[in-house]
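See structure below.
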Amino acid sequence: MYKKALITGLTGQDGAYLAKLLLDKGYEVHGLVARRSTDTRWRLRELGVDSRIVYHDGDLADASSVQRAVLKACPDEVYNLGAQSFVGSSWDQPITTGIVDGLGVTHMLEAIRQFRPQTRFYQASTSEMFGLIQAERQDENTPFYPRSPYGVAKLYGHWITVNYRESFGLHASSGILFNHESPLRGIEFVTRKVTDAVARIKQGKQRELRLGNIDAQRDWGFAGDYVEAMWLMLQQDKPDDFVIATGVTTTVREMCRIAFSYVELDYQDHVVIDPEFFRPAEVEVLLGNPAKAERVLGWSPKTNLKTLIQSMVDADLKRVAKE
Ligand code: NAP
Ligand code: F7E
């Protein structure tokens, strides 16, 4: 018997990779997709999966649409990836971020509890919940200290997932994922902002790249590897929480060096520090410990940062050349 999955955030980076993974495994894939005035399905087309998905019009802020999607899709598994996911915007839209990234999780958990309690649930939690880090390497037992409205909203989403698991016995798991990137990453995130700029500068279409705090450190992995961990969590007998990371941390500065040097440029000739891109409160360093995921799920990252950034530069070089 094939399984049915419902993905929120289907049109985002992770949604597209996860849809492909599940379709390849023989799942019937449904997506909750919010109406927008512009096309949002380009990532699904890029991976060749857009016509193989059952779409449900809905928004995580609208509990009735979430309920309808669950009732119509009758999913075996729900992956809740929908979110206002850009940390920088969360200071400009703190209320929307709180409703979608926080309350939206409860809308989905309530729909499952009331109408389909056998459904397994995955919550897209984040290393941003660690924020001002309380341990050098963060794992499932590290205390949280979020530093942005995004981190705070996600922390609510995380704890309500734990609470519904403990209160109602739902098979609800939370993946605490560290930064993961790909050629399908949104252009506002720093890796993609850099690889897009490298491609433009190399082709004479841009001269400089304006960045904020390039001394910040992140534990960056490849999104394609990370969606596999999401799926593995829902295949376990017992729901649980897992840190998904590479265990290596790198500065934004070093990531720039990797990207520019790949096309024989020196980042120091092009990067300009601009106060506009500094945050009201910064997460200076993140470094995950994925030992539990390795032990219980048998998961480990397959892609290192250099290979990842070079693949993103390659994709951007091709795209920019066609513009
Ligand atoms: P993304 O590319 O920004 O995608 C976000 C998705 O959420 C998009 O499909 C977006 O739809 C959808 N969405 C936004 N508001 C919505 C609403 N009100 N109702 C329903 N859907 C809505 O994010 P991502 O990188 O794929 O990340 C996936 C999830 O993992 C997010 O929850 C994110 O917070 C979390 N996460 C990401 C990372 C990472 O490094 N990528 C790490 C940890 C956790 P539109 O296309 O219509 O805007
Ligand atoms: O910033 C610094 C910035 O926006 C990374 C989301 O997927 O991962 C992501 O959140 C670092 C920060 O990602 C610029 O200050 C410097 O220290 O690429 P980012 P993020 O904030 O880490 C987590 C795990 C999520 O859950 C989120 O959804 O880079 N930085 N200069 C800059 N960042 C940006 N965006 N732009 C700059 O110009």
Side-chain angles (χ1 to χ4, degrees), residues 11-17 20 38-50 85-89 177-227 245-246 248-279 282-287 301-323:
T11 54
Q13 170 188 260
D14 292 5
Y17 280 107
K20 173 140 180 38
T38 51
D39 171 45
T40 57
R41 295 189 192 173
W42 64 272
R43 292 184 175 96
L44 300 166
R45 274 197 299 279
E46 195 83 14
L47 297 183
V49 297
D50 57 317
S85 79
F86 187 48
V87 174
S89 290
L177 271 54
F178 283 61
N179 299 53
H180 45 280
E181 320 291 313
S182 74
L184 301 184
R185 187 57 145 152
I187 201 88
E188 64 274 38
F189 299 95
V190 75
T191 52
R192 191 62 212 301
K193 184 174 170 179
V194 169
T195 61
D196 171 73
V198 164
R200 286 176 192 284
I201 292 167
K202 185 69 184 172
Q203 294 177 26
K205 294 178 176 172
Q206 186 174 322
R207 290 172 66 85
E208 63 178 31
L209 167 61
R210 304 187 85 81
L211 294 176
N213 176 18
I214 61 172
D215 293 317
Q217 287 176 242
R218 288 292 181 275
D219 180 331
W220 279 295
F222 170 50
D225 294 345
Y226 285 36
V227 296
T246 67
V248 178
T249 191
T250 309
T251 59
V252 173
R253 183 190 298 277
E254 172 62 9
M255 182 270 293
C256 286
R257 197 197 57 72
I258 294 170
F260 278 85
S261 66
Y262 183 50
V263 295
E264 285 149 7
L265 293 173
D266 185 342
Y267 80 94
Q268 296 181 86
D269 296 336
H270 302 280
V271 170
V272 175
I273 302 303
D274 184 339
E276 192 196 325
F277 297 106
F278 281 75
R279 292 175 176 177
E282 177 63 288
V283 172
E284 292 290 349
V285 55
L286 289 172
L287 171 59
K302 298 189 185 82
T303 316
N304 68 32
L305 182 62
K306 189 172 174 196
T307 309
L308 169 64
I309 292 296
Q310 292 182 346
S311 75
M312 292 171 70
V313 172
D314 281 337
D316 279 324
L317 283 168
K318 277 196 202 129
R319 189 182 47 79
V320 169
K322 283 196 214 136
E323 285 178 3

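Both backbone and side-chain heavy atoms feed into the values below; hydrogens, waters and symmetry mates do not. Heads up: numbering here begins at 1 and tracks the sequence.
In this structure, the separation between CD on Glu208 and CD on Gln206 is 8.0 Å, given to the nearest 0.5 Å. Rounded to the nearest 0.5 Å, atoms OH (Tyr267) and CD1 (Ile258) are 11.5 Å apart. Thr11 contributes atom OG1, which lies 11.5 Å from atom CG of Leu184 (distance to the nearest 0.5 angstrom).
When atom types are taken as modelled, the side chain of Gln217 and the backbone of Leu287 share no donor-acceptor pair closer than 3.5 angstrom. The backbone N or O of Gly186 sits nowhere less than 3.5 Å from a side-chain atom of Gln13 that would complete a donor-acceptor pair. Remark: side-chain polar atoms of Thr249 are paired, donor with acceptor, to backbone N or O of Leu286 under 3.5 angstrom. Remark: side-chain polar atoms of Asp274 are not paired, donor with acceptor, to backbone N or O of Phe277 under 3.5 angstrom. With hydrogens and angles disregarded, a donor-acceptor distance shorter than 3.5 Å links the side chain of His270 to the backbone of Arg207. When atom types are taken as modelled, the side chain of Arg253 and the backbone of Asp215 share no donor-acceptor pair closer than 3.5 angstrom. Between the side chain of Asp225 and the main chain of Pro301, no donor-acceptor pair closer than 3.5 Å is present.
Applying the side-chain hydrogen bond (donor to acceptor under 3.5 Å, both in side chains) test to every pair with at least one member in residues 184-201, sequence neighbours left out, gives these pairs: Glu181-Arg185, Glu181-Thr191, Arg192-Asp316, Thr195-Asp316, Asp196-Arg200, Asp196-Arg319, Arg200-Glu323.
Side-chain contact between Arg218 and Val283: present, with at least one pair of heavy atoms (C-beta onward) separated by less than 4.5 Å. Residues Cys256 and Leu211 form a side-chain contact, since some pair of their non-hydrogen atoms from C-beta on lies under 4.5 Å apart.
For the pair Arg257 and Glu254, the salt-bridge criterion is met [side-chain N within less than 4.0 Å of a carboxylate O].
Within a 6.0 Å radius of NZ in Lys202, other residues, nucleotides and ligands contribute more than 12 heavy atoms. Remark: Lys306 NZ is loosely packed, at most 12 non-hydrogen atoms of other residues, nucleotides or ligands lying under 6.0 Å away.
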Practice task
Give the intermediate values and the outcome of side chain to side chain contact (heavy atoms under 4.5 Å, CB included) for residues Phe260 and Leu209.
Solution key: CA-CA 11 Å; Phe260 278 85; Leu209 167 61; 4.1 Å; yes

Practice task
Starting from the C-alpha separation in whole Å, work towards a yes-or-no answer on side chain to side chain contact (heavy atoms under 4.5 Å, CB included) for Asp314 and Tyr262.
Solution key: CA-CA 9 Å; Asp314 281 337; Tyr262 183 50; 3.0 Å; yes

Exercise for the section: Give the intermediate values and the outcome of side chain to side chain contact (heavy atoms under 4.5 Å, CB included) for residues Tyr17 and Leu47. Expected result: CA-CA 8 Å; Tyr17 280 107; Leu47 297 183; 4.1 Å; yes

Practice task
Mind running side chain to side chain contact (heavy atoms under 4.5 Å, CB included) on His180 and Val227 for me, showing each step along the way?
Solution key: CA-CA 10 Å; His180 45 280; Val227 296; over 6 Å; no

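Here the rule is side-chain contact (heavy atoms from CB on, under 4.5 Å) with Trp220, and of Thr246, Val252, Asn304, Val248 only Val252 fits it.
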